[in-house]
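Structure first, commentary second.
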Amino acid sequence: MKKHRRLLFEFRRRHTPSVKLPLIVVILLLCMIPLEFQGRLLASSSRQAQIERRIIDVQNQCQILSNKISRIGYLANSVVDNAATDTEISTLADIFNGRILIVNSGFKIVKDTFSLSEGKIGISEEIIRCFQGESTNKYNTEKHYFILAIPISETVPVNEGATGGRTAGVMLVTASTESMFTLEENLLDKMALYRLMIFALILVLTIFIVQLLVQPFEDIVSAINRVADGNLDEDIKEESYQETKRISRALNSTLTRLKAVEQSRQEFVSNVSHELKTPITSIRVLADSLMGMEDVPKELYQEFMSDISDEIDRESKIINDLLNLVKMDKTSSEINFAQANLNKLVETILKRLRPIAKKRNVELIFESMREVTADIDEVKFSLAVNNLVENAVKYNKKDGWVRVTLDADHKFFYLRVADSGIGIPAEFSDRIFERFYRVDKARSRETGGTGLGLAITKRVILMHHGTIRMESIECEGTTFTVRIPLIYIP
Ligand code: ADP
């Protein structure tokens, strides 16, 4: 059973059906079923009408014959020549493809067109009823024949010269309708051919209509293929149906995002090359000038060498930051979450940064509102906090302050890094998290910045399912607020 199901699944996977097939079948069925139904209904009602017409016809003819029989006294045998009437009865029976029996009042069969029962006694329900004045008209639907019992009246004197009618005999007619069906079957054969032609016509029309219906979807596929071939600038515009309109819009918005990603990738590559080239150019200039000078004093030589060493440090810092970013752009599987004491972690970071802060005479304050433990990747989170605090020190004023506050509620912990620094103009506030974006290039360079610090910080916080917000007033200071869930749910 399982094997069968697997085979069926495999078959479906390999031979994915086209939507056209079910559409064609449904339209064909919707057209052919009413046509077939109507045809059958028409055939049966016309057959019924034909049979009724035939019965009335036979009834009328036999009534005329019965009147004649009664007029000429056929039953009383008083006529000289019954042969002519016998022939007439036989001819009528032949015409109707049936049998006529004439029964007299003694239930004796005086005439049988099949000459089988003449002289015998004929008693049947129809004959008895007819003698009682009830004429019968019965149709046997299974064997396709009808029976008619027609009374043969006789005029008899009643009293004082008046005359009256009496049933002197019965004319029993049995006629087959088989011949009518052979005719009908011939007609049906012709109809079958006609139906086949209609079917073929509807099939061609259906295929054409289905092709028209499905065409917009095929157009979308060709447009997507063109885009897949690298034609990213082409817009997918197929608005024949609501559905195709929605598909086109969804694809176009995906395309727009793809284009933005592609553009930012190109920008990133060109930024990386530029940033990596700058220290190398400086090193080259410094080295060239050293080589170009003769009898260089030792102090100048040392100064140049120390500048070259600074540039090498810068280059290696950029490479380190880039590596960090690339690592974090990969899947989050490389994250190592574990419960950590954040108060301790922040204190360690601040301790490490205190010498730099002291150099600039910036006061570093830590405000711990409560003990906080949370699920974090210690190495990555430390990098993020380090970047925020280092920036707060770097972009500060002389004798300024940096306040780091740690707080938590039942769901999140909050880390706030506020400084009394130069602030960030409102127009740049959206861009500072971009890679290599710097408000003041010269100042960033001077302080050893790479322009990647905040990009790394934001990435780390997103990995922790957290958010980062920035508020700043120019020349007054900046506050970064980080909010991260205490428990990490992958
Ligand atoms: P950088 O290595 O240049 O510091 P970042 O990505 O860390 O790069 O920061 C991007 C830019 O945002 C910085 O160049 C600086 O102009 C601005 N910036 C970041 N933090 C602060 C802050 N606390 N005060 C003022 N400006 C800041």
Side-chain angles (χ1 to χ4, degrees), residues 264 267-268 271-272 274-279 282 310-311 313-329 346 349-350 352-354 356-357 359-367 380-405 414-463 467-482:
S264 103
E267 265 172 32
F268 179 63
N271 281 340
V272 168
H274 177 75
E275 295 293 330
L276 290 177
K277 242 172 99 181
T278 316
S282 306
D310 283 352
E311 289 302 330
D313 278 352
R314 194 172 146 66
E315 182 87 15
S316 91
K317 193 165 187 304
I318 296 173
I319 291 170
N320 266 342
D321 279 359
L322 271 174
L323 283 177
N324 274 332
L325 247 185
V326 172
K327 253 192 261 164
M328 275 180 281
D329 273 345
V346 175
I349 295 167
L350 294 189
R352 216 166 41 221
L353 289 173
R354 245 175 248 287
I356 314 174
K359 240 193 241 171
R360 296 167 196 240
N361 212 18
V362 172
E363 190 187 1
L364 261 185
I365 311 153
F366 178 39
E367 262 180 19
K380 293 192 176 74
F381 187 70
S382 300
L383 192 65
V385 178
N386 191 83
N387 285 344
L388 289 178
V389 182
E390 202 180 324
N391 278 351
V393 174
K394 274 187 337 191
Y395 302 104
N396 219 314
K397 289 182 213 145
K398 215 166 173 287
D399 307 324
W401 50 262
V402 173
R403 178 174 288 115
V404 181
T405 318
Y414 304 86
L415 184 89
R416 198 166 298 124
V417 180
D419 64 57
S420 59
I422 56 169
I424 298 166
E427 64 263 38
F428 305 121
S429 57
D430 284 344
R431 304 205 58 190
I432 50 165
F433 294 103
E434 287 174 22
R435 294 175 290 197
F436 294 118
Y437 191 80
R438 283 164 279 195
V439 178
D440 181 347
K441 273 202 182 246
R443 183 167 182 142
S444 162
R445 215 179 128 71
E446 196 184 291
T447 52
T450 58
L452 292 170
L454 283 182
I456 293 173
T457 303
K458 183 155 187 186
R459 186 82 200 99
V460 170
I461 288 160
L462 288 180
M463 278 174 137
T467 54
I468 179 162
R469 222 180 55 216
M470 190 275 295
E471 285 160 80
S472 183
I473 300 173
E474 235 179 307
C475 302
E476 277 188 29
T478 309
T479 305
F480 283 92
T481 310
V482 174

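As a basis for the values below, the full set of heavy atoms in this structure was taken, side chains included, without hydrogen atoms, waters or symmetry mates. All ligand and atom numbering here is 1-based and tracks the order in the structure.
Considering backbone and side-chain atoms alike, Arg438 places every N or O at 3.5 Å or more from each N or O of ligand 1. Geometrically, ligand 1 and Ile422 share no nitrogen or oxygen pair separated by less than 3.5 Å. Any N or O atom pair closer than 3.5 Å counts here, and Phe480 shares no such pair with ligand 1. On a distance-only criterion, Gly453 and ligand 1 share at least one N/O pair closer than 3.5 Å.
Considering only heavy atoms from C-beta on, Phe436 stays 4.5 Å or farther from Asp321 through its side chain. Residues Met328 and Ile456 form a side-chain contact, since some pair of their non-hydrogen atoms from C-beta on lies under 4.5 Å apart. Contact check for Leu462 versus Ile468: no side-chain heavy atoms found under the 4.5 Å cut-off. Residues Leu415 and Val404 form a side-chain contact, since some pair of their non-hydrogen atoms from C-beta on lies under 4.5 Å apart.
With hydrogens and angles ignored, the 3.5 Å screen pairs no side-chain donor or acceptor of Arg459 with any backbone N or O of Leu325. Panel note: side chain Lys397, backbone Cys475; a donor-acceptor pair is recorded below 3.5 Å.
Numbered from 1 in the order shown, with element, the atoms of ligand 1 that lie under 4.0 Å from a heavy atom of Val439 read 14 (O), 16 (O). Proximity to Gly423 (heavy-atom distance under 4.0 Å) selects the following atoms of ligand 1: 25 (C). Applying the 4.0 Å criterion to heavy atoms of Ile432 picks out, from ligand 1, the atoms 10 (C), 12 (O). Residue Lys394 approaches ligand 1 through these ligand atoms, each under 4.0 Å from one of its heavy atoms: 2 (O), 4 (O).
Under the 30°/60° scheme for interplanar angles, the aromatic rings of Tyr437 and Phe428 are found to be tilted.
Among Tyr395, Phe436, Tyr437, the residue whose heavy atom lies nearest to atom 24 (N) of ligand 1 is Tyr395.
In Thr478, the part holding a heavy atom less than 4.0 Å from any atom of ligand 1 is the side chain. Contacts with ligand 1 closer than 4.0 Å are made by side-chain heavy atoms of Ile424 only, the backbone lying farther away. Only the side chain of Asp419 comes within contact range of ligand 1, with a heavy atom under 4.0 Å; no backbone atom does. Contacts between Phe428 and ligand 1 below 4.0 angstrom, taking non-hydrogen atoms only, are absent altogether.
Using a 4.0 angstrom heavy-atom cutoff, Glu390 does not count as in contact with ligand 1. Proximity of Gly451 to ligand 1 is established by a heavy-atom distance of less than 4.0 Å.
Rounding to the nearest 0.5 Å places OG of Ser420 at 9.5 Å from CZ of Arg403.
What sits closest to atom 3 (O) of ligand 1 on the protein, heavy atoms only, is Ser444 OG, 2.6 Å. Protein heavy atom in closest approach to atom 5 (P) of ligand 1: Leu454 N, 3.5 Å. Considering only non-hydrogen protein atoms, atom 7 (O) of ligand 1 sits nearest to Asn391 ND2, 2.8 Å.
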Step by step, work out the side chain to side chain contact (heavy atoms under 4.5 Å, CB included) result for Leu322 and Phe268. CA-CA 11 Å; Leu322 271 174; Phe268 179 63; 3.4 Å; yes

Derivation of the side-chain hydrogen bond (donor to acceptor under 3.5 Å, both in side chains) call for Glu390 and Asn386: CA-CA 6 Å; Glu390 202 180 324; Asn386 191 83; 3.1 Å; yes

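Considering Asp419, Val417, Thr478 as possible partners of Leu388, the one that fulfils the side chain to side chain contact (heavy atoms under 4.5 Å, CB included) test is Val417.
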